[in-house]
Amino acid sequence: MKKSVLTRYRVMAYVTAVMLLVLCTCMIFKYGFDTGEDATLVVSQIHGVLYIVYLVFAFDLGSKAKWSFGKLAWVLISGTIPTAAFFVERKISRELEGSFVDGTPAVAKA
């Protein structure tokens, strides 16, 4: 597996987690203080699109790493739980750290 597969997943995990925290903040302002209804709509739609991209990248990583269904489901669902994606991403990164194929061509031995 190439390192770029993990890098794509890591970037989207962070972006999705940050956007989910922003969305939670917007929801607090919308329902707690009756302000920011338009911002909540925009942030929720952006988070939705980014979460779909996260799902694609996480599924790609899981299929290449040959994860079980339970592990894949946990990684996919972690994008919907505030702050969970930060912890799951860190665990996955440590776990897959040594399983990369070097991008340089192999030298033929005579």
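Since we're looking at a predicted model, the values are computed, not measured.
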Do any side-chain atoms of residues 80-87 form donor-acceptor pairs under 3.5 angstrom with protein atoms, and if so which ones, sequence neighbours left out?
{"unit_1": "Thr80", "atom_1": "OG1", "unit_2": "Ile77", "atom_2": "O", "d": "2.6"}

Checklist entry - Who pairs with Phe29 by ring pair (Phe, Tyr, Trp, His ring centres under 6.0 Å), at least two apart in sequence or on another chain? => result Phe33

Partners meeting side-chain contact (heavy atoms from CB on, under 4.5 Å) with [X] (sequence neighbours left out):
{"X": "Ser63", "value": "Asp60"}
{"X": "Val42", "value": "Ile46"}
{"X": "Ile52", "value": "none"}

Item to check | Tyr9: partners by side-chain hydrogen bond (donor to acceptor under 3.5 Å, both in side chains), with sequence neighbours left out | outcome: none

Checklist outcome for this item: By side-chain hydrogen bond (donor to acceptor under 3.5 Å, both in side chains), Thr40 pairs with (sequence neighbours left out) none

Checklist entry - What heavy-atom pair brings Thr16 and Gly79 nearest, and what distance separates the two atoms? => result CG2-O, 3.8 Å

Checklist entry - For Leu50 and Met12, which heavy atoms make the closest approach, and how far apart are they? => result O-CE, 3.3 Å

Next on the checklist: Considering only residues two or more places apart or on different chains, which pairs with a residue in residues 72-85 satisfy salt bridge (charged side-chain N to carboxylate O under 4.0 Å, His left out)?
Outcome noted: none

Item to check | Pairs satisfying salt bridge (charged side-chain N to carboxylate O under 4.0 Å, His left out), at least one member in residues 36-56, at least two apart | outcome: none

Next on the checklist: Distance check, rounded to the nearest 0.5 Å: Leu20 atom CG versus Ser44 atom OG?
Outcome noted: 11.5 Å

Item to check | Straight-line distance of Tyr54 OH to Met19 CE, nearest 0.5 Å | outcome: 15.5 Å

Using atom types as modelled, flag every donor-acceptor pair under 3.5 Å from a side chain in residues 65-76 to any protein atom, sequence neighbours excluded.
{"unit_1": "Ser68", "atom_1": "OG", "unit_2": "Lys71", "atom_2": "N", "d": "3.4"}
{"unit_1": "Lys71", "atom_1": "NZ", "unit_2": "Glu95", "atom_2": "OE1", "d": "2.6"}
{"unit_1": "Lys71", "atom_1": "NZ", "unit_2": "Glu95", "atom_2": "OE2", "d": "2.1"}

Checklist entry - Which ILVMFWY residues are connected to Leu41, directly or by a chain of links, through side-chain heavy atoms under 4.5 Å apart? => result none

Next on the checklist: Test of understanding: clusters of I, L, V, M, F, W, Y form through side-chain heavy atoms closer than 4.5 Å, transitively. Do Val56 and Val5 belong to the same one?
Outcome noted: yes

Item to check | Worked verdict on Thr25 versus Val43 for side chain to side chain contact (heavy atoms under 4.5 Å, CB included) | outcome: CA-CA 10 Å; Thr25 304; Val43 170; over 6 Å; no

Checklist entry - Looking at residues at least two apart in the chain, or sitting in another chain, which of them share a salt bridge (Lys or Arg N to Asp or Glu O under 4.0 Å) with Arg10? => result Glu89

